[in-house]
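Each remark here refers to the structure printed beneath this line.
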Amino acid sequence: MSSKSILLGVNIDHVATVRQARYKDSPRGCGQFVEPDPITIALLCEKAGAQGITVHPREDARHIQQADVRRLRECIATRLNMEMAATDEMLTFALEVLPEAICVVPESREEVTTEGGLEVAGQFERIERIVKSAADAGIESSLFIDPVAEQIEASAKAGAKYIELHTGAYANAYYKSGERQAEYDRLVEGATLADELGLIVNAGHGINYVNVGEVITIPYLHELNIGHSIISRALYFGIDEAVREMKALIAGA
Ligand code: PXP
């Protein structure tokens, strides 16, 4: 697949992080002024060419709130990708909101952001049940995993349509020449195996304006999900410019 056709999903969680820093305890929806609004940013991302909007309503509701997800469901015109922990509570919420896709991620309260890939093989029945329940409701499933053969094979067996390869270890190793090559090779091998097994391959975590040039050379990529770097660049240049610049880099410009 040529890099030109890789899609961009923008993760807007950190817009809500900024809002929560000031307005955590403010009631919303009753005319009170609250900023920044993640839904407004999502619409601006779409206008700038983003092909999807990603959010992760976490168990501790530290950034995106369930009310935000409901509003996004009503307002956005592209695809809503809802990251979620593998819990019955989050599955119930997904079945209520009906995003186009869910991406099942590991979640622990202590982590600052999603740190490792999902253990699919080790909790196979639970993951398979979530994938099936989502499919029955017309929701596509993605599993956020490390590029490890056992997890990729288990993801295919569980019936997931997509995997999202965790690019965090690669991003962390970016300035360590030996390690970076090894992490890059793992991603290439993982993507190749996933494609052989019929999975559609997305990637995300730690992708930024510097490393994206190499990330897009990983074969079989369908979509990149990028959050922190785009929201950070928006502070300098605005969200429109931030999204357009990332799209141009993904297109290999
Ligand atoms: N994909 C998944 C599954 C994630 O959990 C995250 C982080 O929330 C991202 C992509 C985006 O990562 P980043 O904010 O580092 O771009």
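Each ligand, and each atom within it, is numbered from 1 in the order the structure gives. Being a predicted model, the structure only gives us computed values, none of them experimental. For this chain, numbers begin at 1 and follow the sequence in order.
Thr78 and Glu46 share a donor-acceptor pair across their side chains, judged by distance under 3.5 Å alone. For Thr54 and Asn11, the side-chain atoms include no donor-acceptor pair closer than 3.5 Å.
Within ligand 1, the atoms closer than 4.0 Å to a non-hydrogen atom of Val105 are 3 (C), numbered from 1 in the order shown. Residue Ile226 approaches ligand 1 through these ligand atoms, each under 4.0 Å from one of its heavy atoms: 16 (O). With ligand atoms numbered from 1 in the order given, ligand 1 contributes 2 (C), 3 (C) to contacts under 4.0 Å with heavy atoms of Phe144. Close approach of ligand 1 to Asn11 is summarised as follows: ligand atoms under 4.0 Å from at least one heavy atom of the residue are 8 (O).
Considering each of His228, Glu107, Arg58, the one bringing a non-hydrogen atom nearest atom 13 (P) of ligand 1 is His228. Comparing Met84, Glu83, His205 against atom 2 (C) of ligand 1, the shortest heavy-atom distance belongs to Glu83.
When all heavy atoms are compared, the tightest approach of Ile152 to Leu199 is O-CD1, 3.7 Å. Here the shortest heavy-atom pairing between Pro106 and Gly116 reads CG-O, 2.9 Å.
Distances shorter than 4.0 angstrom do not occur between any heavy atom of Ser229 and any atom of ligand 1.
Heavy atoms from other residues, nucleotides or ligands lying under 6.0 Å from CZ of Arg70 number more than 12.
Residue-level proximity to ligand 1 for His56 is absent, since no heavy atom of it falls below 4.0 angstrom. No part of His166 comes within 4.0 Å of ligand 1, judged by heavy-atom distances.
Using cut-offs of 30° and 60° for the angle between ring planes, the Tyr23 and Phe33 rings count as perpendicular. Ring pair Tyr162/His222 is tilted by interplanar angle, where 30° to 60° counts as tilted.
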